Amino acid sequence: MGIIPPCAKASNAAYRHLKSLCFSAFGGSDPRCYHFEIYVRPRRKYERCSFKCAYEGVCLPGSAGQRKVQMDKKVLIGVAGAVIVGIAATALVFGGGANAATGKYTYETVAVGKGDVARVISASGAVQPREKVDVGSEVSGKITAIYVDFNDPVKKDQILAQVDPETFQNVLDQARARQRQSEAAVDNNHASINRAKVALDVAEKNFVRQKALFDQQAISQQAWELADQTYTNAKLALQTEEVSLKSSIAGLETAKATVQDAITKLERTKIRSPIDGVILSRTVEVGQTVQSSQTVAKFFVVAADLSQIEIEAAVVESDIGGIDNGDPVVFTVDAFPGERFQGSVVQVRQLGAEAANVVTYTVVVNARNPNGKLLPGMTANVEITADRVADVLRIAYDATRFQPPKEIAEAMRAESERNGQGGPGAGGPGGGQGGGAAVAMGEGGPRQQDRQGGGGPDGRNPGAQFGEVLKTAGVDDARVEKIMGEMQGEMQRAMASIPNPQQQQGGAGAIVGGGFGPPQSMLQQQAMQERRAKMQQTQEAVFRRNLNEQEYAAVSKAMSEMQSQKRVTVFKLDDKGDLERHQLTIGLSDGSNAQIIRGAKEGDMFVVRAITAGKGEQKP
């Protein structure tokens with residue numbers, strides 16, 4: 001057989017018999033021999049590969065008939081496979097390992113630098129005036145006049161429309177007439193009181209005279225009793241007139257109130273603007289009959305000041321965490337695509353709304369609109385900066401997601417296994433999310449974790465990490481030691497109070513109550529959740545007992561920041577240009593850059609992608 005070219009050493013090679021004659025070393029053609037053309041198929045496309053003469057021996061010129069060389073494809077494929085296995089074995093024997101394949105690729109790297117990193121949340125909402133009022137009618141009737149239209153500026157108490165006042169004017173006239181009647185009744189009662197006072201005075205004088213005569217026995221008993229009765233009746237008559245006067249006065253006050261009510265209703269036939277502003281909407285026409293009810297109809301919408309606007313942005317529940325009052329906001333509207341407007345968060349409403357199984361929360365954003373470009377109803381595309389860190393070490397986020405090409409990753413894993421180091425483990429690309437304060441403490445308390453050699457989310461000793469958090473909050477060393485000791489005892493007692501799932505179930509798949517019990521993995525997961533909840537409760541109780549409000553707030557904030565940290569595996573190039581793993585602890589990320597908490601310094605280079613050498617094809 002002829003010599004197989006290197007490009008044909010692939011199991012997916014295809015062969016085609018050429019019809020061109022083979023030329024010998026003497027420059028002549030030999031019709032007995034043919035070339036073969038081989039097509040290999042790397043990455044789903046065929047590439048032509050030259051193939052030397054398949055005729056055994058030296059091609060000599062001759063006049064014999066054409067000779068077709070038959071090649072056994074199975075034999076050729078077997079030979080190619082054997083060659084590939086031999087090359088791989090040779091690379092492993094001579095220590096090529098993971099680096100043997102790196103010659104196929106070039107790597108693009110980025111440097112660690114300093115800058116700002118922000119977590120930006122996208123949402124949308126409608127532009128609305130910061131203050132607007134719906135204006136309706138408080139009385140029923142027919143609209144006889146309208147004095148304003150859309151976009152008209154108005155002043156407070158300016159008349160916007162007029163309801164027919166005729167009926168209300170008649171009611172007012174009747175009320176005023178009843179008021180005059182009440183006034184006359186009061187005057188009549190005053191006169192009656194005066195008459196009663198005169199009658200009482202006469203009866204009193206007659207009573208005094210008759211009493212003196214009766215004492216001297218100058219008059220009869222009957223005459224004296226008659227004088228006494230007349231005097232008593234006169235006093236009662238005066239009291240009756242006084243009470244009647246009070247009733248007349250009350251009637252007069254009622255009549256006055258009725259008049260005032262009629263005046264108010266007559267005044268309300270004039271629909272007025274409650275504020276200074278601009279008419280945004282008008283939904284009433286002249287001649288339309290309006291009916292007042294408990295729900296006042298909306299005839300006009302008046303915006304107080306369009307130089308101040310607000311946006312009620314709908315933020316999904318997965319993004320609402322971390323948004324606080326005062327967070328800066330940048331937004332755009334479709335009417336001005338090249339312009340970015342500034343604002344700030346003024347309210348995060350606690351009541352969520354569910355639509356299509358998606359829960360959203362309303363975030364109110366205030367912004368200035370000095371030029372009046374932003375009109376009510378425009379859709380604003382909002383970007384809320386929930387968290388921001390300035391002038392920190394940062395790295396391109398692509399570096400935390402980079403994974404070596406498959407053959408290099410497998411070779412690195414095999415080399416690690418030979419060296420007894422194991423694979424990337426839990427610290428592979430993507431890392432592990434920090435489990436919060438309770439997880440950082442470890443399930444056996446800070447002391448126990450120290451003895452076990454466990455690590456927190458960033459790989460450090462969890463006890464030392466917890467102590468640093470307390471010191472950051474201003475807690476002195478003596479109190480830190482006391483809190484750590486108390487936390488250890490409380491954690492041990494809390495863990496001892498939680499039964500082992502194997503003791504509860506008696507092993508996975510045990511028969512309970514005539515049926516199969518839950519699997520052991522589910523029991524373990526439930527037990528882990530219960531332990532974590534117990535740890536968090538215990539931790540908070542210890543904090544509350546030993547920290548004041550300011551210290552507790554500082555510790556809670558530090559623990560919250562720990563939850564956003566995670567450990568990731570990145571790759572860098574060694575002195576030989578080969579890949580090597582490196583561990584980073586990252587914090588805040590904006591999708592383009594990630595904050596580096598620890599694990600790198602400014603200027604360090606990390607790989608973001610692999611490119612096939614000479615072809616410019618990227619390897620994921």
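Predicted model only: the values in this text are computed from it and were never measured.
Contact annotation: the side chain of F341 never approaches that of V330 to less than 4.5 Å [non-hydrogen atoms, C-beta and beyond]. Contact of the M605 side chain with the L573 side chain is not registered, since no non-hydrogen atoms from C-beta on lie closer than 4.5 Å. In this structure the side chain of L547 reaches within 4.5 angstrom of the side chain of I483, judged on heavy atoms. At least one side-chain heavy atom of R368 sits under 4.5 Å from a side-chain heavy atom of Q308. In this structure the side chain of E486 never reaches within 4.5 angstrom of the side chain of E481, judged on heavy atoms. Looking only at side-chain heavy atoms (C-beta outward), V348 and D324 stay at 4.5 Å or farther from each other. Residues E312 and Q128 fail the side-chain proximity criterion, which asks for heavy atoms closer than 4.5 Å. Using a 4.5 Å cut-off on side-chain heavy atoms (C-beta onward), R581 and S416 make contact.
A donor atom on one side chain and an acceptor atom on the other are found under 3.5 Å apart for Q347 and R349.
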Q: Show your working on side-chain contact (heavy atoms from CB on, under 4.5 Å) between V555 and L470 and close with a plain yes or no.
A: CA-CA 6 Å; V555 170; L470 290 173; 4.0 Å; yes
Q: Report the C-alpha distance between T612 and Y105 in whole Å, list the side-chain angles of each, state the deciding distance to 0.1 Å, and finish with yes or no for side-chain contact (heavy atoms from CB on, under 4.5 Å).
A: CA-CA 4 Å; T612 304; Y105 304 101; 3.9 Å; yes
Q: Show the numbers, then the answer: is there a side-chain contact (heavy atoms from CB on, under 4.5 Å) between V568 and K566?
A: CA-CA 6 Å; V568 296; K566 62 181 179 180; 4.3 Å; yes
Q: May I have the step-by-step check of side-chain contact (heavy atoms from CB on, under 4.5 Å) for I384 and V329, ending in yes or no?
A: CA-CA 5 Å; I384 304 171; V329 175; 4.0 Å; yes
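Without hydrogens or angle criteria, N546 side chain to V542 main chain gives a donor-acceptor distance under 3.5 Å. The backbone N or O of N548 lies less than 3.5 Å from a partner atom in the side chain of E551, making a donor-acceptor pair. Judged by distance alone, the side chain of R130 and the main-chain N or O of D305 form no donor-acceptor pair under 3.5 Å. Within the 3.5 Å criterion, the main-chain N or O of K156 finds a donor-acceptor partner in the side chain of D276. For the pair N381 (side chain) and F331 (backbone), a donor-acceptor distance under 3.5 Å is absent. Remark: the backbone N or O of L306 is paired with a side-chain donor or acceptor of N369 at under 3.5 angstrom. Judged by distance alone, with hydrogens and angles left aside, the side-chain atoms of S589 form a donor-acceptor pair with the main-chain N or O of G591 at under 3.5 Å.
Contact detail for V315 and A123: the closest heavy-atom pair is CG2-CB, 3.9 Å. Shortest non-hydrogen contact noted between A600 and L393 is O-CD1, 3.6 Å. Of all non-hydrogen atoms in V135 and P274, the two that sit nearest each other are CG2-CD, 3.6 Å. Summarising the geometry of I597 relative to G587, their closest heavy-atom pair is CG1-N, 3.7 Å, with the distance given to 0.1 Å. Nearest approach of Y397 to T400, heavy atoms of both residues: O-OG1, 2.6 Å. Between E602 and G113, the shortest heavy-atom distance links the atoms CG-CA, 4.2 Å.
Here E410 does not pair with R413 in a salt bridge; the nearest charged N to carboxylate O distance is not below 4.0 Å.
Heavy atoms from other residues, nucleotides or ligands lying under 6.0 Å from CD of Q350 number 12 at most. Other residues, nucleotides and ligands place no more than 12 heavy atoms under 6.0 Å from the CD atom of Q550.
To the nearest 0.5 Å, atoms NZ (K132) and CG (L280) are separated by 7.5 Å. Taken to the nearest 0.5 Å, the CZ atom of R598 stands 12.5 Å off from the CD1 atom of I586. Put simply, NZ on K534 and CD on Q529 are 16.0 Å apart, with the number rounded to the nearest 0.5 Å. Here CZ of R567 is found 4.5 Å from CD of Q583. Values are rounded to the nearest 0.5 Å. A distance of 12.0 Å separates CD of Q595 from CG of L584, quoted to the nearest 0.5 Å. Here the CD1 atom belonging to I596 is positioned 5.0 Å from the CD1 atom belonging to I395, to the nearest 0.5 angstrom.
The aromatic rings of F402 and Y107 stand perpendicular to each other, their planes meeting at an angle above 60°, with 30° marking the opposite boundary.
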